[in-house]
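Each remark here refers to the structure printed beneath this line.
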Amino acid sequence: MTNRSKLKQLNEEIIQCRRCARLVAWREEVARVKRKAYRDQDYWGRAVPGFGDPEARVLVVGLAPGAHGSNRTGRVFTGDASGGFLYPALYRAGFANQPQAESRDDGLTLKDLYIAAVAHCVPPANKPLPEELDNCQPYLERVLEILQPKVIVCLGRIAFERVLRLYSVRNPAWKFGHGALYRLDAAHGSWVLCSYHPSQQNTQTGKLTTAMFDQIWTKAKSIIDEDT
Ligand code: SF4
(Lines give C-alpha, C1' and ligand atoms only; values in the text may rest on other atoms or scores of the structure.)
Protein backbone atom coordinates (compact mmCIF):
# COMPACT_ATOMS: atom_id res chain seq x y z
CA MET A 1 0.00 0.00 0.00
CA THR A 2 1.40 3.42 -0.89
CA ASN A 3 1.61 6.31 1.58
CA ARG A 4 -1.05 8.06 -0.46
CA SER A 5 -3.55 5.23 -0.03
CA LYS A 6 -2.67 4.74 3.65
CA LEU A 7 -3.25 8.42 4.34
CA LYS A 8 -6.44 8.40 2.31
CA GLN A 9 -7.76 5.51 4.38
CA LEU A 10 -6.70 7.21 7.61
CA ASN A 11 -8.35 10.48 6.62
CA GLU A 12 -11.59 8.70 5.74
CA GLU A 13 -11.61 7.23 9.26
CA ILE A 14 -10.90 10.63 10.80
CA ILE A 15 -13.77 12.25 8.91
CA GLN A 16 -16.19 9.60 10.20
CA CYS A 17 -14.92 9.77 13.80
CA ARG A 18 -17.39 10.54 16.60
CA ARG A 19 -15.29 9.37 19.55
CA CYS A 20 -15.50 12.64 21.55
CA ALA A 21 -19.14 13.40 22.34
CA ARG A 22 -18.43 16.96 23.50
CA LEU A 23 -16.51 17.84 20.34
CA VAL A 24 -19.01 16.19 18.01
CA ALA A 25 -21.78 18.27 19.60
CA TRP A 26 -19.70 21.45 19.39
CA ARG A 27 -18.52 21.07 15.78
CA GLU A 28 -22.12 20.47 14.69
CA GLU A 29 -23.44 23.35 16.75
CA VAL A 30 -20.90 25.76 15.24
CA ALA A 31 -21.80 24.46 11.77
CA ARG A 32 -25.49 24.99 12.44
CA VAL A 33 -25.33 28.46 14.03
CA LYS A 34 -22.51 29.77 11.72
CA ARG A 35 -20.86 33.18 11.75
CA LYS A 36 -22.97 35.88 10.14
CA ALA A 37 -20.42 36.53 7.39
CA TYR A 38 -20.63 32.87 6.32
CA ARG A 39 -24.34 32.26 6.81
CA ASP A 40 -24.83 31.31 3.15
CA GLN A 41 -22.11 28.66 3.27
CA ASP A 42 -22.35 24.97 4.12
CA TYR A 43 -20.02 24.35 7.02
CA TRP A 44 -17.96 21.16 7.04
CA GLY A 45 -18.88 20.47 10.67
CA ARG A 46 -16.95 17.19 10.93
CA ALA A 47 -13.50 16.07 11.93
CA VAL A 48 -10.93 17.78 9.69
CA PRO A 49 -8.46 15.36 8.09
CA GLY A 50 -4.73 15.87 7.55
CA PHE A 51 -3.52 17.51 4.36
CA GLY A 52 -0.37 17.59 2.30
CA ASP A 53 2.28 15.60 0.46
CA PRO A 54 2.08 11.82 1.09
CA GLU A 55 5.87 11.63 0.75
CA ALA A 56 6.51 14.59 3.06
CA ARG A 57 9.67 14.70 5.15
CA VAL A 58 8.31 17.58 7.22
CA LEU A 59 5.28 16.96 9.42
CA VAL A 60 3.53 19.95 10.96
CA VAL A 61 1.49 19.22 14.07
CA GLY A 62 -1.16 21.82 14.80
CA LEU A 63 -3.64 22.05 17.65
CA ALA A 64 -7.23 21.76 16.39
CA PRO A 65 -9.54 23.20 13.71
CA GLY A 66 -10.72 26.78 13.93
CA ALA A 67 -14.46 27.17 14.45
CA HIS A 68 -15.05 29.27 11.33
CA GLY A 69 -11.82 28.29 9.56
CA SER A 70 -11.29 24.60 8.93
CA ASN A 71 -14.49 23.54 10.70
CA ARG A 72 -16.17 25.58 7.95
CA THR A 73 -13.97 24.74 4.96
CA GLY A 74 -12.94 21.15 5.81
CA ARG A 75 -9.22 21.65 5.23
CA VAL A 76 -6.62 22.36 7.89
CA PHE A 77 -5.74 26.02 8.46
CA THR A 78 -8.03 27.06 5.61
CA GLY A 79 -10.26 30.11 5.72
CA ASP A 80 -9.07 31.84 8.87
CA ALA A 81 -6.35 34.15 10.15
CA SER A 82 -4.05 31.34 11.33
CA GLY A 83 -3.99 29.89 7.82
CA GLY A 84 -3.58 33.40 6.43
CA PHE A 85 -0.32 33.53 8.37
CA LEU A 86 0.80 29.93 7.85
CA TYR A 87 0.35 29.31 4.13
CA PRO A 88 2.11 32.47 2.90
CA ALA A 89 5.08 31.40 5.07
CA LEU A 90 5.00 27.89 3.59
CA TYR A 91 4.81 29.43 0.13
CA ARG A 92 7.83 31.67 0.79
CA ALA A 93 9.79 28.63 1.97
CA GLY A 94 8.82 26.58 -1.09
CA PHE A 95 6.55 24.12 0.73
CA ALA A 96 3.32 25.40 -0.89
CA ASN A 97 2.45 26.23 -4.51
CA GLN A 98 0.46 29.33 -3.54
CA PRO A 99 -0.01 31.55 -0.49
CA GLN A 100 -3.83 31.55 -0.56
CA ALA A 101 -5.95 29.02 1.30
CA GLU A 102 -9.64 29.75 1.00
CA SER A 103 -11.41 26.46 0.29
CA ARG A 104 -10.78 22.76 -0.38
CA ASP A 105 -10.80 23.34 -4.14
CA ASP A 106 -8.58 26.44 -4.33
CA GLY A 107 -5.70 24.57 -6.01
CA LEU A 108 -3.37 24.61 -3.01
CA THR A 109 -0.84 21.79 -2.89
CA LEU A 110 2.00 21.17 -0.46
CA LYS A 111 5.42 19.78 -1.33
CA ASP A 112 7.45 17.72 1.14
CA LEU A 113 5.19 18.85 3.97
CA TYR A 114 2.09 17.38 5.60
CA ILE A 115 -0.15 18.98 8.22
CA ALA A 116 -1.75 16.97 11.03
CA ALA A 117 -3.18 17.94 14.41
CA VAL A 118 -3.41 16.76 17.98
CA ALA A 119 -7.20 17.12 17.79
CA HIS A 120 -9.13 16.87 14.55
CA CYS A 121 -12.34 18.49 15.81
CA VAL A 122 -12.94 22.06 16.87
CA PRO A 123 -13.03 22.40 20.66
CA PRO A 124 -14.98 25.01 22.63
CA ALA A 125 -12.69 27.96 23.47
CA ASN A 126 -9.93 26.30 21.39
CA LYS A 127 -9.16 24.02 24.32
CA PRO A 128 -9.37 20.28 23.82
CA LEU A 129 -9.57 18.27 27.04
CA PRO A 130 -6.78 15.82 27.90
CA GLU A 131 -9.08 12.85 27.30
CA GLU A 132 -10.00 14.24 23.88
CA LEU A 133 -6.32 14.51 23.00
CA ASP A 134 -5.93 10.92 24.16
CA ASN A 135 -8.81 9.85 21.94
CA CYS A 136 -7.27 11.55 18.92
CA GLN A 137 -3.68 10.48 19.56
CA PRO A 138 -3.87 7.20 17.57
CA TYR A 139 -4.45 9.23 14.41
CA LEU A 140 -1.27 11.21 14.96
CA GLU A 141 0.60 8.01 15.74
CA ARG A 142 -0.49 6.55 12.44
CA VAL A 143 0.59 9.63 10.47
CA LEU A 144 3.99 9.39 12.14
CA GLU A 145 4.23 5.70 11.28
CA ILE A 146 3.29 6.30 7.66
CA LEU A 147 5.47 9.33 6.97
CA GLN A 148 8.38 8.73 9.35
CA PRO A 149 9.20 12.42 9.00
CA LYS A 150 12.67 13.91 9.31
CA VAL A 151 11.35 17.06 10.94
CA ILE A 152 8.28 17.42 13.12
CA VAL A 153 7.31 21.07 13.49
CA CYS A 154 5.15 21.49 16.59
CA LEU A 155 2.90 24.53 16.46
CA GLY A 156 2.47 25.37 20.13
CA ARG A 157 3.25 23.75 23.45
CA ILE A 158 0.37 21.26 23.41
CA ALA A 159 1.53 19.78 20.11
CA PHE A 160 5.10 19.60 21.42
CA GLU A 161 4.07 17.82 24.61
CA ARG A 162 1.98 15.31 22.68
CA VAL A 163 4.82 14.51 20.31
CA LEU A 164 7.23 13.98 23.24
CA ARG A 165 4.69 11.69 24.82
CA LEU A 166 4.34 9.68 21.64
CA TYR A 167 8.09 9.16 21.47
CA SER A 168 8.32 8.51 25.24
CA VAL A 169 10.73 11.41 25.72
CA ARG A 170 11.06 12.29 29.40
CA ASN A 171 13.98 14.66 29.27
CA PRO A 172 13.33 17.77 31.44
CA ALA A 173 15.89 19.68 29.38
CA TRP A 174 13.54 19.52 26.40
CA LYS A 175 11.48 22.65 26.85
CA PHE A 176 9.07 24.33 24.51
CA GLY A 177 10.28 27.62 23.04
CA HIS A 178 10.07 29.25 19.65
CA GLY A 179 12.87 27.82 17.50
CA ALA A 180 13.84 25.13 20.03
CA LEU A 181 15.23 22.13 18.16
CA TYR A 182 15.81 18.63 19.50
CA ARG A 183 17.16 15.49 17.92
CA LEU A 184 14.45 12.91 18.33
CA ASP A 185 16.05 9.85 16.91
CA ALA A 186 19.73 9.77 16.03
CA ALA A 187 19.45 6.53 14.04
CA HIS A 188 16.64 7.86 11.89
CA GLY A 189 18.06 11.40 11.90
CA SER A 190 14.75 12.97 12.93
CA TRP A 191 14.18 16.26 14.70
CA VAL A 192 11.52 18.13 16.62
CA LEU A 193 11.31 21.85 15.92
CA CYS A 194 9.10 24.11 18.06
CA SER A 195 7.21 27.14 16.87
CA TYR A 196 4.70 29.46 18.44
CA HIS A 197 1.27 28.73 17.02
CA PRO A 198 0.23 31.18 14.26
CA SER A 199 -2.99 32.06 16.10
CA GLN A 200 -4.18 35.65 16.02
CA GLN A 201 -3.43 35.83 19.73
CA ASN A 202 0.27 35.42 18.84
CA THR A 203 0.46 37.16 15.48
CA GLN A 204 -1.57 40.24 16.39
CA THR A 205 0.37 40.85 19.58
CA GLY A 206 3.76 40.53 17.88
CA LYS A 207 4.66 37.43 19.89
CA LEU A 208 5.06 35.67 16.55
CA THR A 209 6.30 37.86 13.69
CA THR A 210 6.62 36.99 10.02
CA ALA A 211 10.42 36.95 10.34
CA MET A 212 10.27 34.62 13.35
CA PHE A 213 7.94 32.28 11.52
CA ASP A 214 10.05 32.30 8.34
CA GLN A 215 13.04 31.18 10.42
CA ILE A 216 11.17 28.01 11.36
CA TRP A 217 10.54 27.00 7.77
CA THR A 218 14.04 27.93 6.68
CA LYS A 219 15.39 25.70 9.45
CA ALA A 220 13.08 22.82 8.51
CA LYS A 221 14.19 23.16 4.92
CA SER A 222 17.86 23.21 5.83
CA ILE A 223 17.48 19.98 7.83
CA ILE A 224 15.86 18.09 4.97
CA ASP A 225 18.29 19.60 2.47
CA GLU A 226 21.21 18.27 4.52
CA ASP A 227 19.58 14.90 4.24
CA THR A 228 19.47 14.85 0.42
S1 SF4 B 1 -11.16 14.96 18.22
FE2 SF4 B 1 -10.28 13.16 17.18
S3 SF4 B 1 -10.95 11.41 18.41
FE4 SF4 B 1 -12.27 13.15 18.98
S5 SF4 B 1 -14.08 12.97 17.64
FE6 SF4 B 1 -12.63 14.33 16.64
S7 SF4 B 1 -11.43 13.00 15.26
FE8 SF4 B 1 -12.45 11.70 16.77
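Order of appearance sets the numbers: ligands from 1, and atoms from 1 within every ligand. It should be emphasised that the depicted structure is a prediction, and the values quoted were computed from it without experimental measurement.
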If we number the atoms of ligand 1 from 1 as shown, the ones under 4.0 Å from a heavy atom of His120 are 1 (S), 7 (S)
| request: State whether Cys121 contributes an N/O/S atom found under 2.8 Å from atom 6 (Fe) of ligand 1. | output: yes
Result for salt bridge (charged side-chain N to carboxylate O under 4.0 Å, His left out) between Glu28 and one of Lys34, Arg46, Arg18, Arg22 points to Arg18
the protein heavy atom lying closest to atom 8 (Fe) of ligand 1 turns out to be Cys17 SG, 2.3 Å
Practice item. Begin from the C-alpha positions of Arg92 and Tyr87 and carry the test side chain to side chain donor-acceptor pair (under 3.5 Å) through to its verdict. Key: CA-CA 9 Å; Arg92 289 191 293 275; Tyr87 287 115; over 6 Å; no
Worksheet item: Do you see a donor-acceptor pair shorter than 3.5 Å between the side chains of Ser70 and Thr73?
Response: no
Looking only at protein heavy atoms, what sits closest to atom 4 (Fe) of ligand 1 is Cys20 SG, 2.3 Å
The ring-ring contact (aromatic ring centres under 6.0 Å, His included) partner of His197 among Phe160, Phe85, Phe77, Phe213 is Phe77
Item to complete: On the 0 to 90° scale, with breaks at 30° and 60°, tag the Phe176-Tyr196 ring pair as parallel, tilted or perpendicular.
Response: tilted
Numbered in order shown, the ligand 1 atoms found under 4.0 Å of a heavy atom of Ala47 are 7 (S)
_Closer than 3.5 angstrom, by distance alone: can the side chain of Gln41 be matched with the main-chain N or O of Tyr43 as a donor-acceptor pair?_
no
Cys136 near atom 8 (Fe) of ligand 1 via N/O/S, less than 2.8 Å
no
Near Leu23 (heavy-atom distance under 4.0 Å), the atoms of ligand 1 are 1 (S)
Going by the 4.0 angstrom heavy-atom rule, the piece of Asn135 near ligand 1 is both
